[in-house]
Amino acid sequence: MIIDLRDCLRLDDNPLFEGVSHPIPVWVCETQRFERMSPRRQRFVLQAVAELRDALRGLGSDLVIRVGDRVECLTDLAQQTGQAIRVGAASGLDERKQDRALNAERIDVTSLFRREQLPFEAVPEPFTKFRNKVQKKLKPDAPLAKPERLAPLPEGLDPGQIPSIPEVPSEPSAVMEFVGGEQAAQSHLTQYLSDPRRPSTYKETRNGMLGADYSTKFSPFLAQGSLSPRRIWQAVSEFEQQVIKNDSTYWIKFELLWREYFHWWVQDWGAELYRAPERYQTRQPWFEAWCNGETGVPFIDANMKELTQSGFMSNRGRQNVASFLAKDLGLDYRLGADFFEYHLLDYDHGSNWGNWAYVAGVGADPRDDRWFNVLLQATRYDKRGGYVRHWLPDLDTVDDRHIHWPWTAGLSPPPIVHPSGWNKVIMP
Ligand SMILES: Cc1cc2nc3c(=O)[nH]c(=O)nc-3n(C[C@H](O)[C@H](O)[C@H](O)COP(=O)(O)OP(=O)(O)OC[C@H]3O[C@@H](n4cnc5c(N)ncnc54)[C@H](O)[C@@H]3O)c2cc1C
């Protein structure tokens, strides 16, 4: 059986190997998909691929690497080996089309639950309905153990070469240095839970923006499939049994249910979720200013610098820059989501497109009033401007009173827009 390890770069809790006596593990470096990733994101993925190959070799197997079009590469391998194909069920429209073209067996590897466990056909909206149903009726399956030994690859099958890993300088201002792969993922999970102060105060700290500890930072490992959501669920449940169970530990699971929700929810949508109509290209200079962190609004610009320089951004930051793009600049959210896809180390199809549509007010639970007053947000979540100064050192000398609106004191050029709602926030 050919096992396509696309976004499931792990051996722990990997149902793709379950019940297969002679797996042929494969990873296809999809040229088109790779072009849509920053070098930093490519590096993060390839680190995980290289580590997985070593681990598979240690078990007696190997990782077959192919570069090119996913359908062509897997079809060639299927013809060459005479084997059927098994894939992790991705939520993307293109991947689902590819899987159909491959006539592949699809296994749920990204989600907490299996499709057949879900107590509904179409995902209920809003999220609360989904959560209530799921929480009452379901428990994630226990994670599977790593395979202990695997059969060798068929004789004569060329394992191929891993593409060279791009050199990317590490970013000293980043929340943490993310190294791709299962070992880093497992040790990050263990380390996060090892200090009870982190998980037991998550609910209070989760809106932070600086440093490694304000939130779990599980997302990059989940996105490349180096960490299984069921493993996290189990580890948090054990923490609750052995150390402490409180609102914060519940909230980590609550957030994993948001991820789960979007994973299923995007699958009910067609192509319109993803492709921005041409007419939205007209405000290109505003879009470029947003991308480059040059809007003139320090809170937005600092977050965009963090994204492009480190490949990560806090949830608070993401909500604000997304609202700013969609509501204040009036641009199509799909332009922003596409830009996130390129940069985010934790880019996850469902979480990204689902959240963008949600913030823009067009997706699950659509609402026109979901507007973030980004200046008010800045004063709440970056009271004294420490975050803004961290990413925009040019503002180092600006005093706390003006840090979020330096233009009002003539300390910076005015921002590219000035929504009327800001007037309530800026003190004369
Ligand atoms: C516009 C926008 C785009 C986003 N794009 C992505 C993306 O591409 N990939 C991604 O993983 N998350 C995305 N998120 C969700 C969220 O911002 C990140 O999951 C979170 O910031 C990752 O940091 P963490 O692991 O420390 O999260 P924590 O706060 O520690 O949360 C624990 C886990 O819960 C899940 N989670 C938390 N918040 C959300 C949420 N709002 N939606 C879905 N899952 C959530 C993640 O898997 C996360 O790792 C996006 C949010 C917004 C507003």
Side-chain angles (χ1 to χ4, degrees), residues 7 36-38 41 44 91-92 110-112 127 130-131 174-176 178 185 188-189 192-193 198-199 201-233 235-236 248-266 290 300 303-304 306-307 310-327 333-365 370 372 377 381:
D7 291 324
R36 292 163 58 85
M37 291 185 193
S38 69
R41 192 173 153 217
F44 184 63
S91 60
T110 313
S111 46
L112 279 169
F127 166 71
F130 169 88
R131 180 174 56 88
V175 283
M176 60 182 264
F178 290 105
H188 179 64
L189 174 64
Y192 180 79
L193 294 172
R198 278 187 290 259
T201 59
Y202 168 80
K203 195 166 177 223
E204 292 86 60
T205 61
R206 57 182 282 271
N207 280 309
M209 307 176 81
L210 277 173
D213 290 346
Y214 65 81
S215 64
T216 66
K217 312 295 184 306
F218 292 156
S219 58
F221 303 110
L222 279 165
Q224 61 174 208
S226 298
L227 196 54
S228 116
R230 300 194 299 203
R231 180 62 69 196
I232 299 178
W233 192 275
V236 174
S248 283
T249 55
Y250 166 73
W251 218 262
I252 298 176
K253 291 176 162 176
F254 175 91
E255 293 298 346
L256 287 172
L257 289 179
W258 264 110
R259 176 181 179 274
E260 188 74 9
Y261 176 61
F262 284 130
H263 172 79
W264 298 111
W265 179 81
V266 289
W290 180 86
I300 298 301
N303 272 292
M304 294 307 292
E306 179 179 7
L307 173 67
S310 79
F312 191 80
M313 190 195 290
S314 68
N315 186 53
R316 185 53 46 187
R318 293 179 207 206
Q319 288 179 319
N320 275 277
V321 301
S323 168
F324 187 76
L325 177 129
K327 301 291 172 80
Y333 74 89
R334 290 167 283 198
L335 297 172
D338 196 59
F339 190 74
F340 267 32
E341 175 168 351
Y342 182 78
H343 284 285
L344 278 178
L345 295 183
D346 69 13
Y347 169 73
D348 168 84
H349 176 263
S351 297
N352 189 56
W353 293 91
N355 270 292
W356 268 97
Y358 182 85
V359 175
V362 299
D365 189 17
R370 199 170 283 127
F372 282 74
Q377 290 272 310
Y381 297 104

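Indexing begins at 1, ligand by ligand and atom by atom, following the structure's order. In what follows, residues are counted from 1 in the order of the sequence shown.
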May I have the list of side-chain donor-acceptor pairs in residues 207-214 shorter than 3.5 Å, sequence neighbours left out?
residue	atom	partner	partner atom	Å
Asn207	OD1	Arg316	NE	3.2
Asn207	OD1	Arg316	NH2	3.0

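- Ser215 and Lys217 share a donor-acceptor pair across their side chains, judged by distance under 3.5 Å alone.
- Contacts with ligand 1 closer than 4.0 Å are made by side-chain heavy atoms of Leu222 only, the backbone lying farther away.
- Every heavy atom of Arg206 sits 4.0 Å or more from the atoms of ligand 1.
- For ligand 1, the atoms closer than 4.0 angstrom to any heavy atom of Leu344 are 5 (N), 7 (C), 8 (O).
- Interatomic distance, CG of Asn352 versus CZ of Arg318, reported as 8.0 Å (0.5 Å rounding).
- Ligand 1 has at least one atom lying under 4.0 Å from a heavy atom of Phe312.
- Contact record, Ser310 with Ala174: CB-CB, 3.7 Å, taken as the closest heavy-atom pair.
- Contact of the Leu256 side chain with the Leu222 side chain is registered, since non-hydrogen atoms from C-beta on lie closer than 4.5 Å.
- Side-chain atoms of Phe178 and Asp346, non-hydrogen and from C-beta on, never get closer than 4.5 Å to each other.
- The ligand atoms of ligand 1 that sit less than 4.0 angstrom from a heavy atom of Asp348 are 7 (C), 8 (O), 9 (N).
- Leu112 is not listed as a side-chain neighbour of His263, based on a closest heavy-atom distance of 4.5 Å or more.
- Neither the backbone nor the side chain of Tyr358 has a heavy atom within less than 4.0 Å of ligand 1.
- Atom 16 (C) of ligand 1 has as its closest protein heavy atom Asn315 OD1, 3.3 Å.
- For Phe130, the ring-ring contact (aromatic ring centres under 6.0 Å, His included) partners two or more places apart in sequence, or in a different chain, are Phe120, Tyr261.
- Ring centroids of Tyr192 and Phe218 are separated by less than 6.0 Å, placing the two rings close together.
- Contacts between Tyr202 and ligand 1 below 4.0 angstrom, taking non-hydrogen atoms only, involve the side chain exclusively.
- For an aromatic pair to be called close, the ring centres must be under 6.0 Å apart, and Trp290 with Phe324 fails this.
- Taking distance alone, with nitrogen or oxygen atoms compared against 3.5 Å, Asp346 approaches ligand 1 more closely than that limit.
- Classification of the Phe262-Trp265 ring pair by plane angle, with boundaries at 30° and 60°, yields perpendicular.
- With a 4.0 Å heavy-atom cut-off, ligand 1 is reached by the backbone of Glu255 and by its side chain too.
- Protein heavy atom nearest atom 6 (C) of ligand 1, with residue, atom name and distance: Arg318 NH1, 3.3 Å.
- Counting protein heavy atoms only, atom 41 (N) of ligand 1 is closest to Asn355 OD1, 3.3 Å.
- Among protein heavy atoms, atom 32 (C) of ligand 1 sits closest to Thr216 OG1, 3.5 Å.
- Nearest protein heavy-atom neighbour of atom 12 (N) of ligand 1: Ser351 CB, 3.5 Å.
- Nearest non-hydrogen protein atom to atom 22 (C) of ligand 1 is Ser219 OG, 3.1 Å.
- Ranking the protein heavy atoms by distance from atom 3 (C) of ligand 1 puts Asn352 OD1, 3.6 Å first.
- Residue Leu256 places a heavy atom less than 4.0 Å from ligand 1.
- Counting only heavy atoms of the protein, atom 24 (P) of ligand 1 lies nearest to Lys217 N, 3.5 Å.
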